[in-house]
Amino acid sequence: MVKQRYFFYEKKFLYVVNLILFFFLVFTSCNSKNTKKPIQNEITELKAHTWYYFSKNGISTVDLPQNVPETAIKPWTEAIRITAAGNSAKDSCALVNRLGILDFSSGTPVLVRDVQLFSYVTADSLLFTPEGPAFHLYRNAYFNKEISATVQEKRTLIALYDSNQFICKPVLSYSDFGIPEGSEITSILPKNGSWLAVVKTATQEKTNFKYMSFSTPDEDGTIPNPEAAAITATEIDADTFRMAQLPQPFENAPVPLKNLFAEIPVPFDFYLSCRTEGEMAAVLYDNTMLQSPVGGYLWQGCGLICQKGAVAVFSDGTTYMNNSLLLNDSMAEGVTAFRLPKLPGGFVYGEFTVSGDKMYVAWEETDFYKTGRSGFICVDLNQLAKKD
């Protein structure tokens, strides 16, 4: 899977998006069938949120992101940050690079640390499999040239999070595929019952890429055991992998997601990485005029579709949410737009998840491909809904 780094360009579009949001709020206040009025533009004064930040020791609360202790800015593959988040019918969690799994299912953030599994590697690709939340691990050799022999012994490729026991269990290793030291599987993508992967081998002279597919014998999308993975592993061409991970036109997006933006009078271009409850992986949707390659000065964000409704969060905190989810009322109609608290310059919002009446949204300090301070905000939707 191509890494989806959400680099956001707030200043250039702030005026346009604020104008869009203003007209949208006016429109929904006049047309929503729900008696609740749209929430004000920014929620800072509602005291409906709590800030958290990451350190090498875990998570802590803080009054404002800018007051988090300074930390060394590192390449995003090496930094402590939320790399992915999402929901299944049972679990709501986030994958935290270099730390572990952040479990929100109980209504309180619980960090499940695993020093042995998460040290010296990049944690990526959170997938909600039939067996539970799974994630894939790889190492950026350029930034991790000296690793102990103990760590090298058996490298984990895919691990499974057991939310009942609060532990992470290795499922597949690099040795199951005969992948030698010096090569890494940098991307994994479940597709049509199989798993597609990119194998990167870097030497001083050149970097080579190989593409492969593996699955259970019946290709049911579940994580294969080591024997099945080894038996079914086949090489595929680069075009097959690239086609599998191309963004989808937004017109093909699920109806609940499209309805979030249906009444906006002035459409705008964006990319949206959306998770649907019950689906293993997020899908990137392209809502640009020319469906141009990802990047450039375009709005990018994350979406979520669950039984209660749909929600989308953009880099500056602009949020669109079904009233059924906001008010915890399946009969509530309409969409509410609001803004999460404004972040300092150089900070952006990212992946998010919803658990019960709480929404958890990642934030981080970003400088091109590097990340500094990071954490997440917990938003109390009940408190938001009380605001007339």
Within the distance-only criterion (no hydrogens, no angle test), does the side chain of T232 pair as donor or acceptor with the backbone N or O of S215 below 3.5 angstrom? yes
Going through the checks in order, is the side-chain contact (heavy atoms from CB on, under 4.5 Å) test met by S213 and L196? CA-CA 5 Å; S213 170; L196 309 183; 3.7 Å; yes
For N323 and E333, the nearest pair of non-hydrogen atoms, with its separation, is ND2-O, 2.8 Å
Both conditions, 6.0 Å and 45 degrees, for the charged tip of R98 above the ring of F118: are they met here? no
Any side-chain donor paired with an acceptor under 3.5 Å for D91 and S163? yes
Got a donor-acceptor contact below 3.5 angstrom from the E279 side chain to the T276 backbone? no
What I want to find out is whether E78 reaches K370 closely enough, with some N-O distance under 4.0 Å, to be called a salt bridge. no
Is there side-chain contact between L157 and H136, with heavy atoms separated by less than 4.5 Å? yes
Indicate, with yes or no, if I377 and F352 share a hydrophobic cluster defined by side-chain heavy-atom contacts under 4.5 Å among Ile, Leu, Val, Met, Phe, Trp and Tyr. yes
Looking at NZ of K342 and CZ of F347, how far apart are the two atoms once the value is rounded to the nearest 0.5 Å? 12.5 Å
Minimum heavy-atom distance P170-T156, with the two atoms named: CB-OG1, 3.6 Å
So does V354 get a backbone contact from the side chain of N87, meaning a donor-acceptor N/O pair under 3.5 Å? yes
List the steps, then state whether side-chain contact (heavy atoms from CB on, under 4.5 Å) holds for V313 with L340. CA-CA 9 Å; V313 179; L340 298 175; 4.1 Å; yes
Taking all non-hydrogen atoms of both residues into account, name the closest pair between C168 and I101 and its distance. SG-CG1, 3.8 Å
Would you call E364 and R81 a salt bridge, taking side-chain N to carboxylate O under 4.0 Å as the test? yes
Verify, without hydrogens or angle tests, whether K258 (side chain) and E251 (backbone) share a donor-acceptor contact under 3.5 angstrom. yes
Please tell me whether Y285 and F270 form a close aromatic pair, meaning their ring centres lie under 6.0 Å apart. no
Crowded around Q66 CD? As in, over 12 foreign heavy atoms under 6.0 Å? yes
Could you tell me whether R155 and E184 make a salt bridge, using a distance below 4.0 angstrom between a side-chain N and a carboxylate O? yes
Keeping N225 on the side-chain end and A228 on the backbone end, is there a donor-acceptor pair under 3.5 Å? yes
Indicate, with yes or no, if W51 and F54 share a hydrophobic cluster defined by side-chain heavy-atom contacts under 4.5 Å among Ile, Leu, Val, Met, Phe, Trp and Tyr. no
Are side-chain heavy atoms of P217 and I231 found at a separation under 4.5 Å? no
Exam field: side chain T83 to backbone V96, donor-acceptor pair closer than 3.5 Å: no
Close aromatic pair by centroid cut-off 6.0 Å: F104 and F376: yes
Can you check whether L384 reaches L326 side chain to side chain, under 4.5 Å on heavy atoms? yes
Flag for T288-D286: side-chain donor and acceptor within less than 3.5 Å: yes
Do we see a donor-acceptor contact under 3.5 Å between the side chains of T129 and E131? yes
Check the angle between the aromatic planes of F268 and F261 and answer parallel, tilted or perpendicular using the 30° and 60° thresholds. perpendicular
Residue pair N322, Y320: steps toward the side-chain contact (heavy atoms from CB on, under 4.5 Å) verdict: CA-CA 7 Å; N322 285 142; Y320 302 93; over 6 Å; no
Is it true that a side-chain atom of D380 and a backbone atom of H49 form a donor plus acceptor pair closer than 3.5 Å? no
Heavy-atom donor-acceptor pair, S355 side chain to K358 backbone, under 3.5 Å: no
Minimum heavy-atom separation for P224 to F214, with atom names? CG-CD1, 3.7 Å
Taking the side chain as every heavy atom from C-beta outward, state whether D316 and R339 have any atom pair closer than 4.5 Å. yes
May I ask you to test the C274-I305 pair for a side-chain heavy-atom distance under 4.5 Å? yes
Do T201 and T207 have side chains that approach each other closer than 4.5 Å (heavy atoms only, starting at C-beta)? no
Main chain of S173, side chain of D176: is a donor-acceptor contact present, judged purely on distance under 3.5 Å? yes
Do you see a donor-acceptor pair shorter than 3.5 Å between the side chains of D218 and T216? yes
Does any non-hydrogen side-chain atom of M280 lie less than 4.5 Å from one of W195? yes
Nearest atoms (heavy-atom pairs only) where S324 meets G309: OG-CA, 4.1 Å
Would a hydrophobic clustering, with Ile, Leu, Val, Met, Phe, Trp and Tyr connected at side-chain separations under 4.5 Å, put L99 with L137? no
For N328 and L381: C-alpha separation, side-chain torsions, deciding distance, then whether side-chain contact (heavy atoms from CB on, under 4.5 Å) applies. CA-CA 9 Å; N328 197 23; L381 300 180; over 6 Å; no
Less than 4.5 Å apart, side chain to side chain, heavy atoms only: is that true for D162 and L160? no
Centre-to-centre under 6.0 Å for F128 and Y161, is that the case here? no
Donor + acceptor pair across side chains of T353, S92 (<3.5 Å): yes
Spell out, yes or no, whether I82 and W76 are grouped together once hydrophobic residues are joined by side-chain heavy atoms under 4.5 Å, including indirect joins. no
Please report whether the ring centroid of Y52 lies less than 6.0 Å from that of Y360. no
For a quick test of reading the model, state the closest non-hydrogen atom pair linking T222 to P130 and the distance between them. CG2-CG, 3.8 Å
Should M359 and L102 be counted in the same cluster of Ile, Leu, Val, Met, Phe, Trp and Tyr side chains packed under 4.5 Å apart? no
